[in-house]
Novice: 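First, the structure itself, so that you have it in front of you.
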Amino acid sequence: MISNKAQEIPPFIVMDVLEKAQELEVLGENIIHLEVGEPDFDTPECIKRAAQRAIEEGKTHYTHSLGLWELRDAIAQHYNAQYGLSVSAHNVIVTAGTSPAMFLVFAALINPGDEVILPNPHYACYPNFIKFLGGTPVYVPLREENGFIYDIKELKRYLTARTKAIVINSPANPTGMLTPAEVFKKLACLGIPLISDEIYHGLVYEGKEHSALEFTKRAFVLNGFSKAYAMTGWRLGYLIAPKEFIRPIQKIQQNFFICAPSIAQYAAIAALKEAQKDVVRMRQTYDKRRRYVFKALKEMGIKLNTCPQGAFYFFINVKHFIRSVSGLPNSYALAFDILKKVKVAVTPGVDFGQMGEGYLRLSYANSLEKIKEGLKRLKAYFGVHEN
Ligand SMILES: Cc1ncc(COP(=O)(O)O)c(C=O)c1O
């Protein structure tokens with residue numbers, strides 16, 4: 001019999017959309033992909049070359065469970081240079097992607113019944129990790145009129161004696177919004193450990209990205225190479241944790257994962273030391289697309305309070321359209337209707353929690369040409385219904 005845990009875990013809806021879109025592609029349909037949160041760029045050459053060298057030199061064995069020392073040191077130095085910190089390589093654990101790092105943090109913090117504060121909307125997988133480990137996600141609404149960032153006064157109402165940690169993700173998936181320093185400061189003052197998902201750092205176009213470690217030592221940083229370095233398939237991430245957590249987390253890593261992939265670790269050293277020019281190039285391209293999408297959405301009559309400052313997403317409010325125009329029940333039905341009628345794949349907001357209902361997430365990790373075509377089709381879709 002299939003376990004309750006396996007039965008209860010919800011699907012990652014964006015994957016359902018992607019798979020449906022792929023089915024249509026097999027039938028010969030021309031689909032524009034604005035759903036996936038994956039860079040459309042190829043991994044930079046210097047990173048690929050480092051991986052090839054690692055293979056040729058036979059560096060294909062298990063590494064230390066905490067990761068290669070040279071990589072841990074490069075990560076610490078990167079954080080110190082970027083945010084003016086004094087992180088030690090001893091506090092860095094290299095993982096097979098940010099997702100395993102998330103598992104390790106939650107596993108090291110949560111006892112059954114413990115609560116973890118999550119933003120809502122939020123990255124779809126956070127609550128599933130927490131529930132899988134016996135914890136309870138506690139959702140704090142992020143309001144569009146507040147730029148989709150935490151309202152600390154409101155957040156305080158959700159704290160209890162069982163609150164183990166507060167998750168923050170800036171710039172955020174699905175909104176692209178950046179949390180300002182004052183909010184980090186206030187969060188740090190609450191005295192509760194912060195779990196800061198910094199996976200979209202390096203992809204900030206306006207304002208300044210902040211690490212939670214600038215504000216408190218009681219922070220767990222999650223980060224990885226998937227987004228800024230276009231390395232999703234390499235599966236490499238890391239965790240920066242307080243000293244007393246390193247050994248417990250190492251034991252979990254040894255048991256569950258042994259270590260991160262060796263070849264990807266050598267590639268990641270090159271990413272940090274040699275690929276900064278590539279990061280800048282990709283960031284500039286994303287920024288051009290972001291500006292284009294912002295203008296185009298405005299012209300389509302979609303209201304955005306502010307332009308998202310980071311990541312590669314727009315989170316657009318289509319509540320009025322769903323309620324009064326479409327005859328569809330929710331964002332899920334809307335996303336599949338759009339896919340069916342105009343062949344554009346978008347992610348329904350409900351994938352990111354209840355506060356995401358009534359929204360669609362559009363990713364601009366696609367070529368400007370494809371984005372233009374996708375928006376043209378969306379305009380036709382919304383326009384036709386408007387008449
Ligand atoms: C906010 C956020 N955190 C973590 C991840 C997972 O990253 P990785 O590929 O490093 O596991 C994603 C992927 O989309 C994400 O959006």
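Computed over heavy atoms, backbone and side chain alike; hydrogens, waters and symmetry mates excluded. Computed from a predicted structure; not experimentally measured. Whatever order the structure lists them in is the order used to number ligands and atoms, beginning at 1.
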Novice: Taking atom NZ of Lys376 as the centre, does the number of heavy atoms from other residues, nucleotides or ligands within less than 6.0 Å exceed 12?
Specialist: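 Counting other residues, nucleotides and ligands, NZ of Lys376 stays at 12 neighbours or fewer.
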Novice: With heavy atoms of Arg235 as the reference, note each atom of ligand 1 found under 4.0 Å away.
Specialist: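 Numbered from 1, ligand 1 contributes 8 (P), 9 (O), 11 (O).
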Novice: Is there a side-chain contact between Phe106 and Ile195 (heavy atoms, below 4.5 Å)?
Specialist: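 Counting from C-beta outward, Phe106 and Ile195 do come under 4.5 Å.
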Novice: Give a yes-or-no answer on whether the side chains of Gln265 and Tyr238 include a donor-acceptor pair shorter than 3.5 Å.
Specialist: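 No, because no side-chain N or O of Gln265 sits under 3.5 Å from a partner of the opposite role on Tyr238.
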Novice: If we only count N/O pairs under 3.5 Å, is Tyr200 in contact with ligand 1?
Specialist: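 Yes, at least one N or O pair falls under 3.5 Å.
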Novice: For atom 3 (N) of ligand 1, find the nearest protein heavy atom and state the residue, atom name and distance (0.1 Å precision).
Specialist: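 It is Asp197 OD2, 2.7 Å.
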Novice: Specify the protein heavy atom at minimum distance from atom 4 (C) of ligand 1: its residue, its atom name, and the distance to 0.1 Å.
Specialist: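 Among all protein heavy atoms, the one nearest atom 4 (C) of ligand 1 is Met102 CE, 3.5 Å.
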Novice: Is Thr232 in polar range of ligand 1, meaning some N or O pair under 3.5 Å apart?
Specialist: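 No, no N or O pair falls under 3.5 Å.
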Novice: Which bit of Thr98 is near ligand 1, meaning a heavy atom under 4.0 Å away: side chain, backbone, both or neither?
Specialist: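 For Thr98, backbone and side-chain atoms both sit under 4.0 Å from ligand 1.
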Novice: What protein heavy atom lies closest to atom 13 (C) of ligand 1? Include the residue and the distance to one decimal.
Specialist: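 For atom 13 (C) of ligand 1, the nearest protein heavy atom comes out as Lys227 NZ, 2.9 Å.
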Novice: Do the side chains of Arg290 and Glu206 get close enough for a salt bridge, i.e. N-O under 4.0 angstrom?
Specialist: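 Salt bridge flag = yes for Glu206 with Arg290.
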Novice: So, 4.0 Å and heavy atoms of Ser99: is ligand 1 close enough to count as a contact?
Specialist: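 Distance cut 4.0 Å: Ser99 passes for ligand 1.
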Novice: For ligand 1, is there an N or O atom under 3.5 Å from any N or O atom of Ser226?
Specialist: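 There is such a contact, yes.
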Novice: Does Glu299 come within less than 4.0 Å of Lys379, counting only side-chain N to carboxylate O?
Specialist: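 A salt bridge is absent here (no side-chain N lies under 4.0 Å from a carboxylate O).
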Novice: Are more than 12 heavy atoms from other residues, nucleotides or ligands located less than 6.0 Å from atom CG of Leu27?
Specialist: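 Counting neighbours around CG of Leu27, more than 12 heavy atoms of other residues, nucleotides or ligands fall under 6.0 Å, so yes.
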Novice: Only pairs at least two apart or in different chains count here, so list each salt bridge (Lys or Arg N to Asp or Glu O under 4.0 Å) that has a residue in residues 58-85.
Specialist: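 Listed by first then second residue: Glu57-Lys59, Glu70-Lys273.
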